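These numbers come from a predicted model, not from an experiment.
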Amino acid sequence: MTTRSVHAKAPVRGDLFDCQCPTRQLLDRIGTKWTSMAVKVLAQAAPGEVRFAELRRRMPGVSQKMLSVTLRNLVRDGLAIRRVEPTVPPRVHYRLTALGLSLEVPLAALRTWAEAHIAEIDYANAVDDAQADATSIQLHDTADSTVSDPSARDPR
């Protein structure tokens with residue numbers, strides 16, 4: 001038995017505040033927009049493969065580096081398989097594993113929720129932005145009136 005296993009606190013299931021929480025660890029890895037998009041594209045092609053260039057084309061805004069990192073992480077986590085054709089230049093293909101394909105269901109549920117509630121979230125953002133703007137204007141006006149009002153000046 002190692003010292004670490006004796007003294008290590010077992011992760012508490014569902015305790016997102018514990019950095020050892022399995023849910024938190026997994027969300028850190030799969031909770032990015034690029035991961036969600038890559039899983040969606042690969043799931044649509046399942047059981048087939050998708051070339052790197054096609055993935056990049058179907059994921060607007062992703063850089064080559066970010067897509068490479070995302071795919072590397074999916075492969076490392078056992079969610080995708082990478083196959084390289086020995087051509088010049090090499091053709092690189094990806095496909096989801098059974099585990100990766102099982103991730104599409106909860107990600108699809110999240111997308112459905114987001115699409116159903118985006119208007120409410122946009123409205124809440126607009127209200128918050130308007131309140132922040134109003135507060136900023138009030139603070140600016142208060143500062144201006146303090147400077148121009150002789151009675152508000154320091155009597156010293």
Are any side-chain N or O atoms of [X] and backbone N or O atoms of [Y], one a donor and one an acceptor, separated by less than 3.5 Å?
{"X": "Ser36", "Y": "Lys33", "value": "no"}
{"X": "Arg95", "Y": "Val50", "value": "no"}
{"X": "Thr112", "Y": "Ala108", "value": "yes"}

I need the [X] [atom1] to [Y] [atom2] distance, nearest 0.5 Å.
{"X": "Lys65", "Y": "Leu67", "atom1": "NZ", "atom2": "CG", "value": "13.0 Å"}
{"X": "Met66", "Y": "Leu71", "atom1": "CE", "atom2": "CG", "value": "9.5 Å"}
{"X": "Tyr94", "Y": "Ile81", "atom1": "OH", "atom2": "CD1", "value": "12.0 Å"}
{"X": "Phe52", "Y": "Arg91", "atom1": "CZ", "atom2": "CZ", "value": "15.5 Å"}
{"X": "Ser63", "Y": "Trp34", "atom1": "OG", "atom2": "CH2", "value": "7.5 Å"}
{"X": "Leu27", "Y": "Thr35", "atom1": "CG", "atom2": "OG1", "value": "11.5 Å"}

Review point. Does one hydrophobic cluster hold both Leu110 and Met59, with members joined at side-chain heavy-atom distances below 4.5 Å?
Key: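 No, Leu110 and Met59 fall in different hydrophobic clusters.
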Exercise for review: Answer with yes or no whether the hydrophobic clustering places Met37 together with Val105; edges join I, L, V, M, F, W, Y residues whose side-chain heavy atoms lie under 4.5 Å apart.
Suggested key: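 Per the 4.5 Å side-chain linkage, Met37 and Val105 are not co-clustered.
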Exercise for review: Return the minimal non-hydrogen interatomic distance between Leu74 and Ala38, and the atom names on each side.
Suggested key: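 Shortest heavy-atom contact: CD1-CB, 4.0 Å.
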**Study point:** Closest non-hydrogen atom pair between Arg83 and Glu49, with its separation
**Key:**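 Closest approach of Arg83 to Glu49, heavy atoms only: NH2-OE1, 2.6 Å.
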**Study point:** Those residues that, when tested against Arg29, pass salt bridge (charged side-chain N to carboxylate O under 4.0 Å, His left out) (two or more places apart)
**Key:**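 Partners of Arg29 by the salt bridge (charged side-chain N to carboxylate O under 4.0 Å, His left out) criterion, ordered by chain and then number, come out as Asp77.
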Practice item. Not counting sequence neighbours, which residues clear salt bridge (charged side-chain N to carboxylate O under 4.0 Å, His left out) with Arg111? List them please. Key: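 Testing Arg111 for salt bridge (charged side-chain N to carboxylate O under 4.0 Å, His left out), a comparison that skips the adjacent residues, returns Glu104.
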**Study point:** Intermediate values then yes/no, side chain to side chain contact (heavy atoms under 4.5 Å, CB included), Arg72 and Arg76
**Key:** CA-CA 6 Å; Arg72 190 176 319 120; Arg76 183 172 186 264; 5.6 Å; no
Check your understanding: Residues sharing Trp113's hydrophobic cluster, by side-chain heavy-atom contacts under 4.5 Å among ILVMFWY, directly or via others?
Key ->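 Answer for Trp113: Ile121.
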Practice item. Give the C-alpha distance, both sets of side-chain angles, the deciding distance and a yes or no for side chain to side chain contact (heavy atoms under 4.5 Å, CB included) between Thr97 and Leu101. Key: CA-CA 6 Å; Thr97 62; Leu101 198 52; over 6 Å; no
Practice item. Dump the intermediate steps for salt bridge (charged side-chain N to carboxylate O under 4.0 Å, His left out) on Arg57 and Glu54, then the final yes or no. Key: CA-CA 5 Å; Arg57 186 184 67 75; Glu54 176 67 10; 2.6 Å; yes
Point to revise | Worked check of side chain to side chain contact (heavy atoms under 4.5 Å, CB included) between Leu79 and Leu103 | key: CA-CA 8 Å; Leu79 300 171; Leu103 182 58; 4.1 Å; yes
Review point. Please walk me through it: do His93 and Arg82 pass side chain to side chain contact (heavy atoms under 4.5 Å, CB included)?
Key: CA-CA 6 Å; His93 304 263; Arg82 179 180 189 259; over 6 Å; no
Exercise for review: Check whether any side-chain heavy atom of Cys19 sits under 4.5 Å from a side-chain heavy atom of Arg24, and report yes or no.
Suggested key: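 Yes, side chains in contact.
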